[in-house]
Number of protein chains: 2
Amino acid sequence: MNLDFTYFENGIGRISGQLPGMPQDRVVLNRLFFYVFKELDDVYNQHLLEFGLNSSTFLALAMILSSEDNRLNPSHLSDALIASRTNVTRLADDLVGSGWVSRKPCTQDRRRVELSLTPSGRKLILVVLPVIWQRIEQQWIDFSPAEIAEFDRLLRKMLEGLRRFRVAS
Amino acid sequence: MNLDFTYFENGIGRISGQLPGMPQDRVVLNRLFFYVFKELDDVYNQHLLEFGLNSSTFLALAMILSSEDNRLNPSHLSDALIASRTNVTRLADDLVGSGWVSRKPCTQDRRRVELSLTPSGRKLILVVLPVIWQRIEQQWIDFSPAEIAEFDRLLRKMLEGLRRFRVAS
DNA sequence: TAAGAATAGTTACATTTGAAACCATTTCTG
DNA sequence: CAGAAATGGTTTCAAATGTAACTATTCTTA
């Protein structure tokens with residue numbers, strides 16, 4: 001797949017020449033976002049493949065590791081991953097099937113389930129995390145701390161703008 | 001689906017307290033990106049629904065409109081949309097089925113196909129574009145021109161960092 | 001405290017998308 | 001110029017993910 005942004009930019013430029021009223025810089029910005037996201041997702045899935053993981057399974061393991069007492073409900077995982085509960089059920093099936101996670105009923109609330117890392121799952125994520133962190137540092141190596149802080153600020157501001165902008169449901 | 005970023009941030013904070021060496025600000029930045037993207041995609045799909053469109057069909061119509069002579073090959077569309085040729089075939093099927101696009105064989109190169117807007121497709125996209133532009137302006141209303149320019153610069157810089165970082169294929 | 005509402009997880013079904021294989025055509029190259 | 005390689009489009013198959021319906025349990029409230 002070709003990830004050349006110029007196809008889009010040229011098109012947008014031609015429309016802007018024909019029709020008045022396009023907020024061109026912001027249209028480009030929204031679209032640029034798709035390109036960067038696509039690349040980000042692809043690149044990390046590539047890097048995780050060598051460990052038998054993808055961004056969902058990796059993040060799930062990391063979130064269970066980060067939980068108190070090594071226990072996490074599927075619903076919380078669903079929130080942390082921005083994934084449907086359906087998908088988290090399936091994800092848990094996979095992780096249990098791979099022997100990285102155990103699934104036990106919760107005694108306090110019998111509707112719930114508790115996901116925990118098995119020793120093998122814990123070992124895996126503790127190997128993978130430092131490798132991924134190193135690569136994240138590589139990825140951002142040309143950014144100054146000030147640029148990183150500003151990027152963070154702009155992203156959160158964009159998120160707020162989008163939420164205000166949601167269609168009422 | 002809950003789009004609360006704090007689930008992730010809390011988890012990442014706990015891991016950082018346990019394991020040394022996490023570039024926390026950049027880890028958060030990468031993840032924040034997923035959240036913003038998800039929201040962006042959702043919101044615009046919501047807004048396009050009232051016209052019977054989604055972000056793919058909308059962008060396809062816009063790209064054909066922007067093409068020279070109102071003609072565009074599926075392959076070019078695939079590049080502009082960052083979508084597989086498989087998917088563009090299907091997209092074209094839909095658009096032709098809805099009566100918005102016509103599909104004709106190309107006389108110069110008989111491997112190719114030419115997608116053009118029908119009068120009805122042209123009418124639709126000319127109605128939708130100004131509406132969407134207005135909403136994009138709303139979405140970005142709190143951003144100064146300097147912030148927009150800086151955001152653009154940072155996104156392109158991030159894209160470059162990611163491309164250098166790709167696994168050799 | 002009993003009935004209704006809400007929550008947790010799963011299942012069945014549908015949607016979206018891409019990879020790989022395939023055919024037709026065009027371009028490259030020895 | 002003939003065979004090999006590349007390109008354009010489609011089809012087949014598979015992977016990923018979501019919605020809605022469903023069961024079991026817990027919470028709310030009249």
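Naming convention: chains lettered A, B, ... in sequence-line order (proteins, then strands); numbering from 1 in each chain.
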Can you tell me the distance, in whole Å, between the CG atom of B/N54 and the P atom of D/dT17? 19 Å
Which nucleotide wins on minimum distance to the side chain of A/T86, given the candidates C/dA8, D/dG18, D/dG9? D/dG18
Heavy atoms from C-beta onward define the side chain here; which of C/dG9, D/dA16, C/dG18 lies closest to that of A/S75? C/dG9
Spacing of B/R112 atom CZ relative to C/dC23 atom C1', expressed in whole Å: 17 Å
Relative to each other, are the rings of A/H47 and B/F165 parallel, tilted or perpendicular (30° and 60° limits)? parallel
Could you tell me the separation between the CG atom of A/L59 and the P atom of D/dT17, rounded to a whole number of Å? 12 Å
Side chain of A/S84 only, please: which of D/dT19, C/dT11, C/dA8 is the nearest? D/dT19
A/D42 atom CG is separated from C/dG18 atom P, nearest whole Å, by 10 Å
Should the ring pair B/F33 and A/F151 be called parallel, tilted or perpendicular, given that the plane angle runs from 0 to 90° and is split at 30 and 60? perpendicular
What's the closest nucleotide to the side chain of A/N87 if the choices are C/dT10, D/dG18, D/dG9? D/dG18
If we check side-chain contact (heavy atoms from CB on, under 4.5 Å) with A/L59, which of these qualifies: A/I82, A/L91, A/L81? A/L81
Any donor-acceptor pair, under 3.5 Å, between the side chain of A/R85 and the base of C/dG9, if you only look at N and O atoms? yes
Is A/I64 close to A/I125 at the side-chain level, that is, under 4.5 Å between some pair of heavy atoms? no
Could you check how far CG of A/N45 sits from P of C/dT17, rounded to whole Å? 17 Å
Distance in angstrom units between A/F34 CZ and C/dT17 P, rounded: 11 Å
Under 3.5 Å side-chain donor-acceptor pair for A/Y44 and A/E39: no
Heavy atom of residues 100-111 of chain B under 4.0 Å from DNA chain D: which residues? B/R103, B/R111
Close side-chain approach of B/T118 to B/K123, heavy-atom, < 4.5 Å: no
Within the side chain of B/N54, is there an N or O that forms a donor-acceptor pair under 3.5 Å with the backbone of B/T57? yes
What bend angle does the helix from C/dT1-D/dA30 to C/dG30-D/dC1 show across its length, from five-pair end axes and to the nearest 10 degrees? 30°
DNA chain C nearest-nucleotide lookup for A/E114 and A/R90: closer to the 5′ end is A/E114
Does the separation of the ring centres of B/F34 and A/F37 fall below 6.0 angstrom? yes
B/L81 has an atom CG; how far is it from atom P of C/dT16, in whole Å? 15 Å
Ignoring hydrogens and angles, write down the donor-acceptor pairs under 3.5 Å from the side chains of residues 10-18 of chain B, residues two or more places apart or on other chains.
from: B/N10; atom 1: ND2; to: B/T6; atom 2: O; distance (Å): 3.3
from: B/R14; atom 1: NE; to: A/S66; atom 2: O; distance (Å): 2.5
from: B/S16; atom 1: OG; to: B/Q24; atom 2: OE1; distance (Å): 3.2

Whole Å only: how far is the CG atom of A/L95 from the P atom of C/dG9? 15 Å
